[in-house]
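Letters A, B, ... are given to chains in the order of the sequence lines, protein chains preceding strands, and every chain is numbered from 1.
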Amino acid sequence: MSSAFTKSAARNIFYGGAVFFFLLFLGLTFDTMNTLPQRDNRANLTESVVRGKHIWETRNCIGCHTLMGEGAYFAPELANVYKRRGPEFIKAWIQGQPTGAPGRRQMPNFHLNEQQLDDMVNFLKYTSEINTSNWPPNIEG
Amino acid sequence: MKYKSQAVAKPYFIAAIALFLGQILFGLIMGLQYVVGDFLFPAIPFNVARMVHTNLLIVWLLFGFMGAAYYLIPEESERELHSTKLALVMFWIFLAAGVATILGYLLVPYATLAEMTGNNLLATMGREFLEQPLPTKVGIVVVALAMLYNLSITVLRGRKTAINLVMLVGLWGLAIFFLFSFYNPSNLVKDKYFWWWTVHLWVEGVWELIMGAMLAFVLIKVTGVDREVIEKWLYVIIAMALITGIIGTGHHYYWIGAPEYWQWWGSVFSALEPIPFFMMTVFAFNMVNRRRREHPNKAAVLWALGTGVMAFLGAGVWGFLHTLAPINFYTHGTQITAAHGHMAFYGAYVMVVITMISYTMPLMRGREANSPFAQVIEMWSFWLMTISMVFITLFLTAAGILQIWLQRIAEEPISFMAAQDQVALFYWMREAAGVIFLIGLLLYIASFFIKGKAATAVAT
Amino acid sequence: MTAATFQWLTLVALTALTFGLAETGVSGSAVLIPVLLATLVKGRIVIDRFMALQGVSGAWRWVVLGWLLLVLGLIAVAFQHTQN
Amino acid sequence: MDIVLNVSISLPAPHGNRRNLPGDLAMWFFILAELLVFGIFFLAYAFARTRNVELFNASQLELNKLSGAINTVLLISGSYFVVRAVDRIRHGQSRLCAHWLIAAMACGGAFLILKLVEFGTKIEAGISMSTNLFFMFYLGLGFFHFMHVVLGMVILGAVALKAWRGGYHANDYAGVETGAAYWHMVDLVWIVLFPLIYILN
């Protein structure tokens with residue numbers, strides 16, 4: 001009987017396994033893309049939300065905050081901030097930065113105008129309505 | 001060093017270490033901002049410091065991978081690099097792009113930087129780890145492609161070994177999956193879904209191939225164990241890494257709006273992700289135990305073994321801790337993630353790059369190993385950095401557990417900022433461990449400047 | 001090759017038995033235990049005879065048989081659990 | 001691992017009447033990983049069911065048990081044919097070996113067709129992996145296993161081709177055993193999957 005451990009078999013397992021599981025991943029991704037319309041709140045993806053996302057990105061908000069748990073862990077989760085604080089609080093908060101309280105974490109002022117603030121709030125509202133399987137565990141994020 | 005062109009790795013490694021130092025300095029700034037919130041505000045807000053910290057990490061690791069590739073591929077292929085000049089030109093382009101990007105982060109408001117660099121033409125900025133301006137991203141692709149051309153030609157015309165093929169596949173994968181960083185749909189769920197195709201498929205996919213190839217290369221050199229044995233184990237280990245890691249991407253899809261079945265697929269596959277790391281640890285120790293020679297570069301051997309252990313602890317154990325969906329429901333987006341990220345990056349990628357540097361640098365400087373004294377200093381730096389990283393991880397884990405309890409589980413959950421105040425003590429201790437890490441790194445850098453009688457091979 | 005043919009026919013017969021049991025519409029332990037036992041026998045035949053792991057040096061036979069026993073055992077536990 | 005590494009470094013002579021592992025060790029690592037994944041999924045199914053018994057029982061009634069049983073017989077037969085193929089190559093009969101392998105692949109092909117019909121009716125009924133937890137397992141595991149049958153057929157095809165061209169001999173047929181081991185694993189997994197998902201309630 002031939003017991004063997006050959007490099008060629010190991011190599012074939014590597015290439016075959018990698019291709020196999022990548023194809024499986026593509027299959028699952030295909031199903032995911034078909035399922036997303038029921039979950040990703042795309043119906044409310046308005047022009048304003050798109051502008052809001054752009055502001056979110058170009059102010060590098062993710063450098064301090066998390067959004068759906070992803071980002072930096074320096075400042076509060078914002079995917080559900082619309083539900084936690086409401087639109088007016090969010091706008092006032094952004095405008096009121098930095099607090100200047102000594103020793104406290106500071107957020108820069110981004111000098112957003114009224115329309116940009118609305119876009120930002122609309123983006124956060126859209127985000128808060130994505131189906132995240134009940135995450136976060138509670139309103140505190 | 002068998003081929004003259006291998007020396008092109010030297011500037012890559014020097015740049016890597018210099019940027020590593022920068023990364024740690026900004027890490028310390030952030031660590032302090034965690035407890036003294038207004039430190040350096042508004043000169044360097046936290047988000048800028050973090051961007052510099054993480055981007056420097058990525059860039060210096062890429063420098064390390066590239067340097068390693070330029071060193072090991074000629075040696076494995078048994079011929080000179082296709083074009084040393086191209087490799088050098090790419091080095092300067094990449095360094096200039098990297099430094100310009102970091103200066104841009106520090107000197108220009110991010111929104112202005114975005115406008116200046118064409119982000120309105122193709123918006124790719126402002127997403128975690130992919131904050132680089134468009135020209136930098138394009139530059140990364142250009143440098144990567146030029147390198148791949150250079151290396152692929154070298155391999156095609158030379159000897160093909162498991163090590164140079166795996167290295168090449170890993171680097172090609174790195175370039176290909178980076179292309180997803182250019183895809184930024186306004187649909188946030190899709191954005192996040194494919195963002196992970198760069199981030200996860202890098203660090204838990206193709207980077208593991210690069211890491212495996214580098215480790216295998218050094219192990220062959222320092223242990224003298226038969227290439228055949230090392231190469232087939234390399235294949236088995238990286239096969240396991242991809243079998244578990246590709247679908248393991250699912251552990252990032254639990255709470256971002258993707259279908260709920262990812263909770264099952266992600267949990268099952270990522271629960272198995274520690275296996276390849278465990279195999280790598282056992283592999284490294286086994287090969288060193290059955291070594292056929294005593295390599296005079298003891299520091300390199302130490303780094304190689306350390307990589308095995310710390311990668312398993314950081315990526316394997318700390319990853320497993322919070323990868324199962326019911327646990328991740330509570331730990332997602334807390335200091336637990338930070339703890340895992342720190343030890344995994346250090347244990348897997350920082351240490352493997354240093355292993356490679358530690359083995360090759362003396363050779364490129366004309367000796368088989370550094371003087372015993374220089375090696376002692378280097379080994380001190382190993383222990384200082386490694387142990388302080390263990391403590392950073394432990395403190396962040398403690399902070400994370402307390403944070404989760406206060407903010408997410410307690411009867412009356414408190415707000416994020418209130419919870420942060422409660423865990424401040426752990427942040428102070430983390431910062432202290434970070435200072436030790438910096439001392440370790442400074443010792444490491446110092447070890448390059450220590451002269452002394454060159455060691456000669458000792459046979460036992 | 002008569003042995004393998006016999007094993008093959010055993011496997012087919014056990015599959016028919018499992019299917020027949022399900023068709024009778026009985027449920028609970030009456031179906032759980034015989035079906036799991038039939039599965040155990042089928043799995044053993046495949047592992048020891050078809051995969052030819054019986055008599056192989058080293059731990060491989062027990063690794064694979066152990067997998068079968070563990071999985072079937074825990075399935076039994078889980079299903080028994082719901083019946084109480 | 002230590003023991004295994006020993007094997008790899010110096011192939012020891014078979015001790016006593018013990019045989020060596022049939023097929024290549026690398027394949028057995030792959031098989032082990034696959035068994036782990038399937039095993040965890042099976043247990044996840046069994047324990048997820050304990051919290052959703054009614055849902056699982058009700059959804060299970062919508063499955064085509066007969067199709068599942070026929071598929072079991074197909075895979076068992078495929079496995080048997082592969083055993084015959086290994087036996088033939090042991091006698092140096094390359095062509096007969098290839099014939100048996102092709103017969104096994106035909107069984108696999110029939111399995112795939114039946115499975116596609118099963119999936120087709122479910123998809124037409126608007127059922128997907130997100131319908132409920134039972135169908136997540138039924139479709140997810142079913143598709144995962146489906147892909148394994150495809151991979152198994154690719155492997156058998158490669159082995160059959162090499163056998164047909166006379167690439168194996170009576171004293172050199174590790175490749176046939178390697179392919180056979182994978183195919184038996186695909187069978188073994190289905191032997192557990194069929195009663196678990198189609199029958200037990």
State whether Lys53(A) and Glu57(A) are salt-bridged, where the test is any N-O pair (Lys NZ or Arg NE/NH1/NH2 against Asp/Glu carboxylate O) under 4.0 Å.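 Yes, this pair counts.
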Identify which part of [X] has an atom lying under 4.5 Å from any heavy atom of chain B, answering side chain, backbone, both or neither.
X	result
His54(A)	side chain
Asp31(A)	both
Met107(A)	backbone
Thr32(A)	both
Arg59(A)	both
Leu28(A)	both
Leu36(A)	side chain
Leu23(A)	neither
Tyr15(A)	side chain
Asn138(A)	side chain
Ser8(A)	neither
Ile139(A)	neither

side-chain contact (heavy atoms from CB on, under 4.5 Å) involving Ala418(B) - partner list, sequence neighbours excluded: Ile414(B), Ser415(B)
Could you tell me how the ring of Tyr126(A) sits relative to the ring of Phe123(A): parallel (under 30°), tilted (30 to 60°) or perpendicular (over 60°)?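 The rings of Tyr126(A) and Phe123(A) sit tilted, inter-plane angle from 30° to 60°.
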Evaluate the ring planes of Trp196(B) and His252(B), with Trp represented by its six-membered ring, and classify them as parallel (under 30°), tilted (30 to 60°) or perpendicular (over 60°).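 If you compare the ring of Trp196(B) with that of His252(B), the planes turn out parallel.
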Considering the options Trp264(B), Phe269(B), Phe194(B), Trp262(B), which one meets the ring pair (Phe, Tyr, Trp, His ring centres under 6.0 Å) requirement together with Tyr253(B)? Trp262(B)
Between [X] and chain A, which part of the residue has a heavy atom less than 4.5 Å away: side chain, backbone, both or neither?
X	answer
Glu115(B)	neither
Thr334(B)	backbone
Tyr261(B)	side chain
Leu209(B)	side chain
Pro42(B)	neither
Tyr34(B)	both
Arg50(B)	side chain
Val35(B)	backbone
Pro133(B)	neither
Gln33(B)	both
Tyr105(B)	neither
Phe39(B)	neither
Ala114(B)	side chain

Taking the ring centre of each residue, are [X] and [Y] less than 6.0 Å apart?
X	Y	value
Phe5(A)	Trp233(B)	yes
Tyr254(B)	Trp135(A)	no
His200(B)	His251(B)	yes

Counting heavy-atom pairs under 4.5 Å to chain B, which of [options] comes out on top?
options	result
Ile55(A), Ile130(A), Val49(A), Asn12(A)	Ile130(A)
Phe22(A), Phe14(A), Phe74(A), Phe21(A)	Phe74(A)
Gly16(A), Cys61(A), Ser133(A), Ala9(A)	Ser133(A)
Gly63(A), Pro136(A), Gly17(A)	Gly63(A)
Asn60(A), Asp40(A), Ile62(A)	Asn60(A)

Chain A contacts, top residue of [options] (heavy-atom pairs, under 4.5 Å):
options	result
Glu260(B), Met125(B), Gln335(B)	Glu260(B)
Val189(B), Val236(B), Val48(B)	Val189(B)
Asn47(B), Val36(B), Leu234(B), Leu113(B)	Asn47(B)
Leu201(B), Asn184(B), Thr244(B)	Asn184(B)

Reported [atom1]-to-[atom2] distance for the pair [X] and [Y], which is rounded to 0.5 angstrom:
X	Y	atom1	atom2	value
Asn164(B)	Leu168(B)	CG	CG	7.5 Å
Ser48(A)	Lys125(A)	OG	NZ	11.0 Å
Glu412(B)	Leu406(B)	CD	CG	12.5 Å

Keeping the roles fixed (side chain from [X], backbone from [Y]), state whether a donor-acceptor pair exists under 3.5 Å.
X	Y	answer
His322(B)	His340(B)	no
Thr66(A)	Met68(A)	no
Gln407(B)	Gly141(A)	yes
Asn55(B)	Met51(B)	yes

Atom NZ of residue position Lys7(A) - does it have more than 12 heavy atoms of other residues, nucleotides or ligands inside 6.0 Å?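 Count over threshold, so yes.
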After noting the C-alpha distance and the side-chain angles of Glu140(A) and Arg408(B), does the key distance pass the salt bridge (Lys or Arg N to Asp or Glu O under 4.0 Å) rule? CA-CA 7 Å; Glu140(A) 298 299 347; Arg408(B) 292 183 174 170; over 6 Å; no
Between Asn41(A) and Glu129(A), a side-chain donor and acceptor under 3.5 Å: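 Judged by distance alone, the side chains do pair up.
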Is there any residue in [range] with a non-hydrogen atom under 4.5 Å from a non-hydrogen atom of chain B, and which ones are they?
range	answer
residues 90-105 of chain A	Pro98(A), Ala101(A), Pro102(A), Gly103(A), Arg104(A), Arg105(A)
residues 109-120 of chain A	none
residues 75-85 of chain A	Ala75(A), Pro76(A)

Please tell me if the side chains of Phe20(A) and Leu242(B) come closer than 4.5 Å, counting only heavy atoms from C-beta onward.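 Phe20(A) does not reach Leu242(B) side chain to side chain.
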Is there side-chain contact between Phe25(A) and Trp197(B), with heavy atoms separated by less than 4.5 Å? yes
